[in-house]
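Here the structure is laid out as structure tokens; the discussion comes afterwards.
For clarity, every value in this text was computed on a predicted model and none was experimentally measured. Along the sequence shown, residues carry numbers from 1.
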Amino acid sequence: MALASTYRPNARPRSGSRSRRRRRHSAPVLIVVLLALAALCYHLLANGYMSSDALARYAKLLVMRDAAGLRLEFAGFLSTQMSVYLGLLFSWMPGLPGVLVPYLLDIGAMTLFASLAWRDITRDHGALWGWLWTVLLVCHPYFLWVATSGHNLGLGTLAVYGLFRTLRSFRGDPEPRAYLRFAGWLCLLFFIDERVSFIALAMLPWLALVAPRTILQRAPLAFYLICYLPFLFALLGWMYMNWLFFGDSLMFITRADSAFRGGYADAPYLPWLLEFGGQWWQPLLWLVVTGALSFPSLLLAFWSLQRGWAGTLAVAGTLVCAGAMATLAWFATQALDFLSLLLVPAALGLRTLLPWQRIPATVLLLLAIPLGWLVLLRDPLPEVQQWSTAFRTPLEQRASEDIRLGAWLADVRLPTLIDDQAAYRVIAARRDAEQLILPFDDRFKLALSTRGGMPAQLVVARPGSLEGAQDSISQRFPQLWESGMPGYQLVFEGEVWRVWQREP
């Protein structure tokens with residue numbers, strides 16, 4: 001009732017013509033940023049950069065398009081669904097290569113992010129400062145990484161910005177729809193980004209900084225309930241779907257290979273988790289220090305008007321604590337997974353600056369670009385190193401075994417037993433998933449459980465390799481890679497992959 005009492009029936013809606021004018025004014029930002037990011041991504045791809053995550057999503061699109069026996073539930077409850085279905089929608093566009101779809105989704109999402117940031121900044125500081133600060137944000141290496149790396153971070157970053165920009169409406173005596181907008185964005189984020197659980201948990205104490213004081217005093221439980229109830233319903237619904245189709249309501253967090261577990265399965269190969277995995281204070285301190293170095297303009301928010309610092313501090317504190325919690329749970333594959341989200345408080349904090357802070361903020365945003373590169377390139381993952389190298393020079397092109405095997409399978413069209421989780425690069429190189437027998441197929445399960453109905457070809461990864469750790473065929477038959485199977489002959493041999501084919 002305390003929240004309902006804040007409703008004001010005489011509140012006038014925004015003018016439709018005013019909203020249309022704002023949309024027209026943001027069109028140049030959309031066009032310029034979209035073209036710039038697309039040109040940069042084309043440059044990186046032309047220089048030989050290729051994201052493993054983008055290849056995995058492309059392979060999943062091929063599986064959803066071509067694989068026999070695929071049903072809705074097999075699209076996967078082990079990862080968020082939004083990028084999958086948006087990617088499938090865009091992949092049907094004529095003339096658009098499917099391998100580019102994951103990159104275009106991230107570019108489009110970050111273009112919208114830049115447009116929204118420009119609109120928000122312009123409302124308080126004018127178009128000139130809006131253009132200048134938006135350009136500096138777009139030039140930040142974290143923004144470029146999220147937009148062009150193909151790591152499925154763009155939609156999540158956009159949704160996080162949409163979530164936290166609603167906190168501004170909490171000031172004063174807000175209407176109930178202000179809380180509903182926040183709750184709706186948090187619920188939507190659950191279907192977009194696997195980091196949402198850590199963000200939602202870390203946000204609980206920080207929300208007290210921005211919540212209306214009267215509401216916290218009169219009905220604190222009601223405030224948190226209305227903000228989190230849609231998210232809780234989404235989580236419970238996800239658990240129900242897991243139980244309905246697979247008999248395990250917690251499968252999406254108990255399976256080591258689930259995207260909701262992040263880097264847990266690959267922890268022995270990830271420097272960040274090897275150094276900080278299972279810890280809390282050290283990664284928290286590291287994220288605070290590197291976050292301040294990457295976005296020094298955040299410090300100006302402490303001198304803003306009308307408790308504007310509270311919103312910036314709440315957002316930055318939430319994201320830093322979420323990163324520390326994710327490291328404690330062996331989720332975060334690298335610090336950049338959460339440091340890149342600090343783009344959100346950096347953009348939101350610019351709205352609350354005082355007029356005398358505009359020039360210092362511009363200088364700090366300029367300084368953030370080289371400092372961001374220094375942080376990004378500190379002991380980077382190989383893919384981050386390749387991405388940064390592709391800015392300057394073409395990468396050395398090597399004849400990848402995955403590409404060779406994919407081309408070979410494209411020529412030899414036989415029913416083939418293969419695990420798409422381990423062999424997604426192979427499927428992407430093959431460019432289709434026709435006649436592939438994949439883990440969701442009953443024939444695959446029958447072959448692994450009884451060896452009955454083995455198909456004409458078996459693709460198996462070498463035990464002990466990274467692919468072998470993900471390949472259910474290799475785990476079920478550890479001697480298959482070395483010794484084969486009676487009645488089968490070796491027809492393809494590599495360092496990681498072998499193909500056994502039934503003898504004529």
*Under the salt bridge (Lys or Arg N to Asp or Glu O under 4.0 Å) rule, what pairs show up with a residue in residues 233-255, not counting sequence neighbours?*
R255-D257
Please tabulate, for the side chains in residues 195-203, all donor-acceptor contacts under 3.5 angstrom to protein atoms that are two or more places apart in sequence or on a different chain.
{"residue": "R195", "atom": "NE", "partner": "D193", "partner atom": "OD1", "Å": "2.9"}
{"residue": "R195", "atom": "NE", "partner": "D193", "partner atom": "OD2", "Å": "3.1"}
{"residue": "R195", "atom": "NH1", "partner": "D337", "partner atom": "O", "Å": "2.4"}
{"residue": "R195", "atom": "NH2", "partner": "D193", "partner atom": "OD2", "Å": "2.5"}

*Contact list for residues 156-177, test ring-ring contact (aromatic ring centres under 6.0 Å, His included), sequence neighbours left out*: F113-Y161, F170-Y179, F170-F182, F170-F223
*Where does the angle between the aromatic ring planes of F231 and Y228 fall among parallel (under 30°), tilted (30 to 60°) and perpendicular (over 60°)?*
perpendicular
_Closest heavy-atom pair and its distance - Y49, S149_ = OH-O, 2.7 Å
*Please identify each residue that fulfils side-chain hydrogen bond (donor to acceptor under 3.5 Å, both in side chains) with S294, with sequence neighbours left out.*
Y142
*Using ring-ring contact (aromatic ring centres under 6.0 Å, His included) as the criterion, list what pairs up with W145, not counting sequence neighbours.*
H151, W387
*List in chain and number order the residues that pass side-chain hydrogen bond (donor to acceptor under 3.5 Å, both in side chains) with R165, two or more places apart in sequence or in another chain; answer none if no residue qualifies.*
D120
*State whether W286 and R378 meet the cation-pi test: NZ (Lys) or CZ (Arg) under 6.0 Å from the six-membered ring centroid, and within 45° of the perpendicular axis.*
yes
*Indicate whether any N or O donor in one side chain lies under 3.5 Å from an N or O acceptor in the other, for T333 and W272.*
no
Donor-acceptor contacts under 3.5 Å from residues 342-349 side chains, at least two apart:
none

_Would you say S52 and E383 are linked by a side-chain donor-acceptor pair, where the criterion is simply a distance under 3.5 Å?_
yes
Contacts under 3.5 angstrom, residues 102-110 side chains, donor-acceptor by atom type, not counting sequence neighbours:
{"residue": "Y103", "atom": "OH", "partner": "S51", "partner atom": "N", "Å": "3.0"}
{"residue": "D106", "atom": "OD1", "partner": "G154", "partner atom": "N", "Å": "3.1"}
{"residue": "D106", "atom": "OD2", "partner": "N152", "partner atom": "N", "Å": "3.2"}

*Residues forming a side-chain hydrogen bond (donor to acceptor under 3.5 Å, both in side chains) with R425, sequence neighbours excluded*: none
*Among L186, V315, T318, which residue meets the side chain to side chain contact (heavy atoms under 4.5 Å, CB included) test with L163?*
L186
*Please say which of F190, Y240, F260, W243 ends up in a ring pair (Phe, Tyr, Trp, His ring centres under 6.0 Å) with F252.*
F260
*asked:* Listing request: all salt bridge (Lys or Arg N to Asp or Glu O under 4.0 Å) pairs with a residue in residues 135-151, at least two apart in sequence or in separate chains.
replied: none
*By side-chain hydrogen bond (donor to acceptor under 3.5 Å, both in side chains), which residues pair with R358, not counting sequence neighbours?*
H125
Which atom pairs, one a donor and one an acceptor, fall under 3.5 Å between side chains of residues 276-283 and the rest of the protein, sequence neighbours left out?
{"residue": "Q279", "atom": "OE1", "partner": "Q282", "partner atom": "NE2", "Å": "3.3"}
{"residue": "Q279", "atom": "NE2", "partner": "E275", "partner atom": "O", "Å": "3.0"}

